Amino acid sequence: MNYVKQRIKDIYLGATSVENIFLNELMPAAPGDFVKVYLTALLHAETGHAISDQALAEHLGLTVDRLAEAWNYWEECGAVRKHYQDSNGRFDYTVEFLSVREQLYGDGLDVPEETPEAAPAVDVFGDPAIQTFMRDLELKLGHTLSRTEMETVLGWLQDQSMPLEVIRQAVSYSLERDKKNFRYIARVVEGWADQGLKTPEAVRQHLRDNDQKYGRSQRVMRALGFSRAPTEAEREMMDAWFDQMGFNMDKVLEACAKTAGIANPNIKYVNSVLEGWKGEAEKAKRDVNERRPVSAATLNRYYDYLRGKAEKEAEQRRAEVYRRIPEIEKIDRRTKELGSLLSRALIMGDEGDGRKLNEEMEQLAEDRAILLTENDYDMDYTDVRYLCPLCGDTGVTDMGERCKCINERMLEAEEWQRRNKRGKKESI
């Protein structure tokens, strides 16, 4: 007796088996596009349905180049192996799905370990992987590689022991920056070789560090009001602020803010400010990013300054309104008189008069608000606008507690004190 099982003809009615170790170990760290490529191709591999790179890429909404990056990634992870063959004069490869758990917990696969020190001689005419790379590079650059360019690539592989995958990274890095020039790619590869970046992970870490530095410099340039990229000298100066002087971004941006008072903001001015701060910090034996607390007396003087400033500005706004709307001044004067009368009525215990006075004051307040809004003013336009409405710029709330604005005011008071000292020196 024979036993057979019905084969499902429609691949979408079947099920694809994926190793749990792949799902737990490899998938979380992989780019989403690469996971889609792996799983969809695995589906076709298990059912035996052939699919071309172009068809697979179109199905997933990717480019063929992105597909190639995915297979390079999974081969590096040990999830697949590419087998190259010559097909009608064009080099292609077949992707073999490997057992991840077999490699980790079984006897393993007999794959020779590649090390830059023991790199074998490379023959571009005999190594399918190199030939495929050359053809891909020609397609990406849009021209046939010259013999000199081919020999340059062989020099990277043989003389500088640069792995092919690192050279691929250099090509991708260049194309992402819209640099389709072989000389530019050569500068990238040779620069990485000089820095000893000869593994994909070393390159990825280098690019992450560069992205961080790029982000820092762009933020500084925006803070100074520049839309251009920094020069090489400016970039080196900015890197020194963070990597050598030890300043954090908040402190650097604080230094950038000081350029608001000069005619031509520039990097050198910010550098001189930071050098001065570093010198002060070294003398005081404190961290360059540490804030120096001001004394209680200085803080109180700063609060007095803020209150005086807010009250003066309110008086100016009130005078403006009185000029434009004389009725408001009359209302304010009458409201003040009623306030005195109300206080007297409360002391005398005359509730009837007190009620009438309150009603009149409420009516006046309503009339005042209408006049202001009709003349395009906010109803609180003439009020005193304290920086902190909780404490009225005193540092103490109505409950007699320290206001939460104190820490912020202390930082401002330090700068306020520094400006005052500088102003006194300049006036002498």
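Please read these numbers as outputs of a predicted model, since none were measured by experiment. Because only heavy atoms are used, hydrogens play no part in the values below, and waters and symmetry mates are left out as well, while side chains stay in.
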Problem set entry | Ion pair check, R235 and E232, cut-off under 4.0 Å | yes

Problem set entry | Ring geometry between W74 and Y38 (parallel below 30°, tilted from 30 to 60°, perpendicular above 60°) | tilted

Exercise. Between V166 and L197, is a side chain to side chain contact (heavy atoms under 4.5 Å, CB included) present by the stated rule, with each step listed?
Worked result: CA-CA 8 Å; V166 171; L197 305 174; 5.9 Å; no

For this session: Please examine the side chains of V321 and R317, heavy atoms only from C-beta on, and report whether any two atoms are closer than 4.5 Å.
Result: no

Problem set entry | Pair R301, T298: side-chain N/O donor-acceptor within cut-off below 3.5 Å | yes

Exercise. Would a 4.5 Å heavy-atom cut-off, applied to side chains only, mark T382 and I328 as touching?
Worked result: no

Exercise. Can you tell if the side chain of M237 reaches within under 4.5 Å of the side chain of V270, non-hydrogen atoms only?
Worked result: no

Exercise. Any side-chain heavy-atom pair from I267 and M221 closer than 4.5 angstrom?
Worked result: yes

Seminar exercise, completed: Nearest heavy-atom approach of L23 to P28 is O-CD, 3.3 Å

Problem set entry | E412 bridged to R409 by N-O distance under 4.0 Å | yes

For this session: Search all heavy atoms of L372 against all heavy atoms of D378 and return the closest pair with its distance.
Result: CD1-O, 3.9 Å

For this session: Might you point out which heavy atoms bring Y73 and P31 nearest each other, and give the distance in Å?
Result: CZ-CD, 4.0 Å

Exercise. More than 12 non-hydrogen atoms from neighbouring residues, nucleotides or ligands closer than 6.0 Å to CG on N24, yes or no?
Worked result: yes

Exercise. Got L306 and Y386 here, is their nearest side-chain heavy-atom distance under 4.5 Å?
Worked result: no

For this session: Just do the side chain to side chain contact (heavy atoms under 4.5 Å, CB included) check on I331 and L371 with the steps written out, would you?
Result: CA-CA 10 Å; I331 290 174; L371 284 170; 3.8 Å; yes

For this session: State, to 0.1 Å, how close P163 and L157 come at their nearest heavy-atom pair, and which atoms those are.
Result: C-CD2, 4.3 Å

Exercise. Is the number of heavy atoms from other residues, nucleotides or ligands within 6.0 Å of CG (D159) greater than 12?
Worked result: yes

Problem set entry | Test item: Y377 and I325 side chains (from C-beta on) under 4.5 Å apart, heavy atoms | yes

For this session: Starting at CG of D287, measure out to CZ of F247 and round the result to the nearest 0.5 Å.
Result: 9.0 Å

For this session: Decide if atom CZ of R219 counts as having more than 12 heavy atoms of other residues, nucleotides or ligands within a radius under 6.0 Å.
Result: no

For this session: Tell me, yes or no, whether the heavy-atom count around R204 atom CZ, taken from other residues, nucleotides or ligands under 6.0 Å, exceeds 12.
Result: yes

Problem set entry | Euclidean distance, T148 OG1 relative to F182 CZ, rounded to 0.5 Å | 9.0 Å

Exercise. Is there a donor-acceptor contact under 3.5 Å linking the side chains of Q54 and E58?
Worked result: yes

Problem set entry | Aromatic plane relationship, Y302 with Y305 - under 30° parallel, 30 to 60° tilted, over 60° perpendicular | parallel

Exercise. Does the distance from a Lys or Arg side-chain N to an Asp or Glu carboxylate O, for D239 and R216, drop under 4.0 Å?
Worked result: yes

Exercise. Please walk me through it: do T40 and L56 pass side chain to side chain contact (heavy atoms under 4.5 Å, CB included)?
Worked result: CA-CA 8 Å; T40 307; L56 181 58; 3.6 Å; yes

For this session: Check the pair K309 / E313 against salt bridge (Lys or Arg N to Asp or Glu O under 4.0 Å), numbers first and verdict last.
Result: CA-CA 6 Å; K309 181 173 179 288; E313 290 171 350; 3.0 Å; yes

Exercise. Does some side-chain heavy atom of V396 sit less than 4.5 Å from a side-chain heavy atom of C403?
Worked result: no

Exercise. Counting N and O atoms only, with roles assigned by atom type, does the side chain of S172 sit under 3.5 Å from a partner on the main chain of Q169, one being a donor and the other an acceptor?
Worked result: no

Exercise. Do R66 and E69 sit within salt-bridge range, that is, some charged N less than 4.0 Å from a carboxylate O?
Worked result: yes

Exercise. CE/M150 to CE/M134 distance, rounded to the nearest 0.5 angstrom?
Worked result: 5.5 Å

Seminar exercise, completed: Between the CZ atom in R183 and the CD atom in E190, the distance rounded to the nearest 0.5 Å is 12.0 Å

Problem set entry | Check against side chain to side chain contact (heavy atoms under 4.5 Å, CB included), R307 and D304 | CA-CA 5 Å; R307 289 197 305 276; D304 291 341; 2.3 Å; yes

For this session: Can you measure from CG (N289) to CD (E254) and round to the nearest 0.5 angstrom?
Result: 10.0 Å

Problem set entry | Shortest non-hydrogen separation from G78 to L98 and the atoms involved | O-CD1, 3.8 Å

Exercise. Are the side chain of D393 and the backbone of C388 linked by a donor-acceptor contact shorter than 3.5 Å?
Worked result: yes

Exercise. Would E337 and R334 pass as an ion pair if we require N to O under 4.0 Å?
Worked result: yes

Exercise. Distance only, no hydrogens: is a donor on one side chain within 3.5 Å (strictly under) of an acceptor on the other, for E362 and N358?
Worked result: no

Exercise. Got a salt bridge between E282 and K278, using NZ or NE/NH1/NH2 to carboxylate O under 4.0 Å?
Worked result: yes

Exercise. Can you check whether Q160's main-chain N or O pairs, donor with acceptor, with K198's side chain at less than 3.5 Å?
Worked result: yes

Exercise. Salt bridge or not for E315 and R318, using N-O below 4.0 Å?
Worked result: yes

Problem set entry | Point-to-point distance, once rounded to the nearest 0.5 Å, from CG of D194 to CZ of R187 | 13.5 Å

Exercise. Do Y173 and W192 have side chains that get closer than 4.5 Å, going by heavy atoms?
Worked result: yes

For this session: For K140, enumerate each residue passing the side chain to side chain contact (heavy atoms under 4.5 Å, CB included) test, keeping only those at least two apart in sequence or located in another chain.
Result: D65, V171, L175

For this session: Might you point out which heavy atoms bring C405 and Y303 nearest each other, and give the distance in Å?
Result: SG-OH, 3.1 Å

